[in-house]
S.K.: 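Please see the structure below; I have some questions.
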Amino acid sequence: AQKVTQAQTEISVVEKEDVTLDCVYETRDTTYYLFWYKQPPSGELVFLIRRNSFDEQNEISGRYSWNFQKSTSSFNFTITASQVVDSAVYFCALSGLNYGGATNKLIFGTGTLLAVQP
Amino acid sequence: DTGVSQNPRHKITKRGQNVTFRCDPISEHNRLYWYRQTLGQGPEFLTYFQNEAQLEKSRLLSDRFSAERPKGSFSTLEIQRTEQGDSAMYLCASSLAINSYEQYFGPGTRLTVT
C-alpha cells in the first residue's frame with residue numbers, strides 16, 4: 001500500500017526565518033514520483049516540484065530546496081527566508097508510474113499548515 | 001492556455017438531492033482525475049479517465065457517484081441522493097498520458113449538503 005505521512009500539522013514562523021516541512025512515504029513500487037503542492041487560502045492546488053525515485057540529487061530553486069533521501073523514505077521541503085505570501089497548506093504526494101511513463105493517481109499526505117507572521 | 005476549470009464553484013443542496021459538477025481540463029490533456037478533499041485533509045483520489053475510458057475507480061466512489069467523460073474532453077461527476085457526508089471540495093486535475101508527471105488542478109467545487 002502507498003502512504004504519505006506529514007507529521008507536522010501546523011508550523012508558525014516569523015518572516016525571514018527558514019522552515020522545513022517533513023514528509024515520509026511508503027511504497028512497494030521501485031519507480032515512483034514524489035511531489036510538493038501548495039494550497040493557498042484561495043484553495044487551488046499549485047504544483048511546486050516533482051522528484052523521481054532514481055534521482056536523489058537535491059535541488060535548490062530560489063528560496064525553495066528539497067532533500068530526498070531514499071534510505072529513510074523522506075522528501076523534505078525547506079523555505080529559506082520565509083515570507084508572508086508563503087502562508088498556505090503544503091501537501092506532499094506520491095505516485096506510481098504506468099506504462100507510457102505517466103503518473104497514476106496521487107496519494108497525498110494530510111498537509112502542513114504554514115503560517116508566516118510579519 | 002487556460003487552466004483547468006470547474007463549475008460551479010460552490011453548490012449548496014439539500015440532503016437527498018442530486019448534483020452534477022463539470023470539469024474542463026487543459027485542452028491537450030487526455031488524462032482527467034477527480035479527487036475529494038474534506039476539511040483538514042489531503043485530497044483523496046476518486047477516479048480517472050484516459051480520453052473517454054474510465055481506467056480506475058476508488059472504493060470511496062460509492063454507487064451514488066458516477067463520472068463520465070463522453071467525448072474525451074470535459075467530464076461530469078454526479079452524486080445521487082446526496083448525504084451530509086458528501087460535503088467536501090471536489091477537485092479535478094488533468095495531465096498528459098505519456099511522459100507526463102505533473103497533474104494540474106482546477107479551483108474545485110465546494111459542495112455543502114444541508
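The basis for the numbers below is simple: all heavy atoms, side chains too, and nothing from hydrogens, waters or symmetry mates. Below, chain A is the first sequence line, B the second, and so on; all start at residue 1. As the structure is a prediction and not an experimental result, all values here were calculated from the model.
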S.K.: Verify the neighbour count for atom NZ of A/K3: are there more than 12 heavy atoms of other residues, nucleotides or ligands below 6.0 Å?
M.R.: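 At most 12 heavy atoms, drawn from other residues, nucleotides or ligands, come within 6.0 Å of this atom.
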S.K.: How many angstroms lie between CG in B/L46 and NZ in A/K105, if you round to the nearest 0.5 Å?
M.R.: 11.0 Å
S.K.: Return the set of residues passing side-chain contact (heavy atoms from CB on, under 4.5 Å) with A/A93 (not counting sequence neighbours), or none when no residue passes.
M.R.: A/F35, A/L106, A/F108
S.K.: Are there more than 12 heavy atoms of other residues, nucleotides or ligands under 6.0 Å from atom NZ of B/K11?
M.R.: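 Open.
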S.K.: Please examine the side chains of B/Q103 and A/Y37, heavy atoms only from C-beta on, and report whether any two atoms are closer than 4.5 Å.
M.R.: yes
S.K.: For B/E44, which atoms come within 4.5 Å of any heavy atom of chain A: side chain, backbone, both, or neither?
M.R.: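 Neither part.
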S.K.: How about B/R15: does its CZ atom have over 12 heavy atoms from other parts shown lying under 6.0 Å from it?
M.R.: no
S.K.: Name the option with the most non-hydrogen atom pairs under 4.5 Å to chain A; the candidates are B/G42, B/P43, B/G106.
M.R.: B/P43
S.K.: Evaluate whether atom CD of B/E68 has more than 12 neighbouring non-hydrogen atoms of other residues, nucleotides or ligands under 6.0 angstrom away.
M.R.: no
S.K.: Working to the nearest 0.5 angstrom, can you tell me the gap between B/E102 CD and A/L48 CG?
M.R.: 11.0 Å
S.K.: Tell me, do B/Q37 and A/Q39 make a side-chain contact under 4.5 Å, heavy atoms counted?
M.R.: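 Yes, close enough: below the 4.5 Å cut-off.
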